[in-house]
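Structure, as structure tokens:
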Amino acid sequence: MDSLSQVALGAAVAVAALGRRTAIWKAALWGGVLGTLPDLDALIDHGDAVLNMTLHRAESHAPFWLTLASFPLAWIAARVAGPPDRFRRWWLATWGALVTHPLLDAMTIYGTQLGLPFTDRPYGIGSLFSIDPLYTLPLLAGLGLALRGGPRALRWNALGLALSSAYVGWSVYAQQQVGAAVRETLALRGAPAPEARILVTPTAFNTLLWRVVVMHGDHYEEGFRSLLDRSPTLRLASFPGDPALFEATRAIPSVARMARFTHGFFRMAERDGRVVLTDLRMGQEPWYSFSFVVARRDDAGLRPLSPVNVGGRQGMDLAASLRWLGRRALGHELAPPR
């Protein structure tokens, strides 16, 4: 999730854990700092663009390592902010602020390696967009009211946490509803769902309009589903894949790493002699956040390159896209801008 959400979550968790045992502002400040601490791994340069992407949300987001780090950090907090005899509460606040960070990140589709050091499998439920005001605002409101003080200060903070947590639960429920519509669509077409891999993620800033990607052997499909749509099924647009190009490049380390990291939701394409691997999970046709040039074709064949990210929103009409997003979320059947 975005940094503001993580700061707010860490602060709210620390305030709830420490209660009246220290000043609310101290707990909020400590929790806010800890809430953003795991994301400092983004400052590490691992040598190329694919490694930088896939090693983000790795050790610094693993509950095992965060639990170990929580003990010395809590000891520092208890000594600096006091009182020292409240170490257990400071540890609970520290551990909670640290561990809830990767758990929230895992609700997005990016991929969080929660199981390190035992497994590097990236987990991404994908029921929340990385920036969602309806998740963040209750936390900020609860914290703001708590910092004003008064007999109900802690109750306001708890209410903010409860509302934001309920919203996470709602996002999972909504995702399941959209997934059911996708499976019904495929079944009516004579394409049983078990034969296709399905991805369902929310569009920007909401959980009302969802993007769907269905992977087939030689092509993939993209569609959009609003919870306000009246039709029981949805329209899917088809786009070509290139499995032969993947077979020719799968031994390249960056290709193999991205194929695993995306759980197979990627596209291979050759453009002007450059081989580009695109992560289909983040973005929409034809704009994606991560598209890596991984090889070049010359007289000797395919030559691996140090991957470079050429993804982004170049050429996108942002105003038109936001207008489409708002109208499509309300159930209007509109084709997405291309």
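Predicted, not measured: the structure shown is a model, and the values here were computed from it. Numbers here simply count residues along the sequence, with the first being 1.
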With a 3.5 Å distance limit and no angle check, can you tell me whether [X] reaches the backbone of [Y] through a side-chain donor-acceptor pair?
X      : Y      : value
Ser226 : Leu228 : yes
Arg21  : Arg86  : no
Arg79  : Ala74  : no
Asn157 : Ala146 : no
Ser231 : Thr233 : yes
Asp132 : Ser130 : no
Glu222 : Glu285 : yes

Has [X] got its NZ or CZ under 6.0 Å from the middle of the six-membered ring of [Y], at an angle within 45 degrees of the ring axis?
X      : Y      : value
Arg121 : Tyr123 : yes
Arg328 : Phe224 : no
Arg57  : Tyr110 : yes

>> Quick check: do Trp287 and Gln314 have side-chain heavy atoms less than 4.5 Å from each other?
In response: no
>> Quick check: do Thr22 and Trp90 have side-chain heavy atoms less than 4.5 Å from each other?
In response: yes
Using a strict cut-off of less than 4.0 Å between a Lys/Arg side-chain nitrogen and an Asp/Glu carboxylate oxygen, indicate whether [X] and [Y] qualify as a salt bridge.
X      : Y      : value
Asp120 : Arg260 : yes
Asp272 : Arg274 : no
Glu184 : Arg189 : no
Glu333 : Arg327 : no

> Between Ser171 and Thr207, does any side-chain donor sit less than 3.5 Å from a side-chain acceptor?
Replying inline: no
>> Ignoring hydrogens and geometry beyond distance, is a side-chain donor-acceptor pair present between Thr67 and Trp95 at under 3.5 Å?
In response: yes
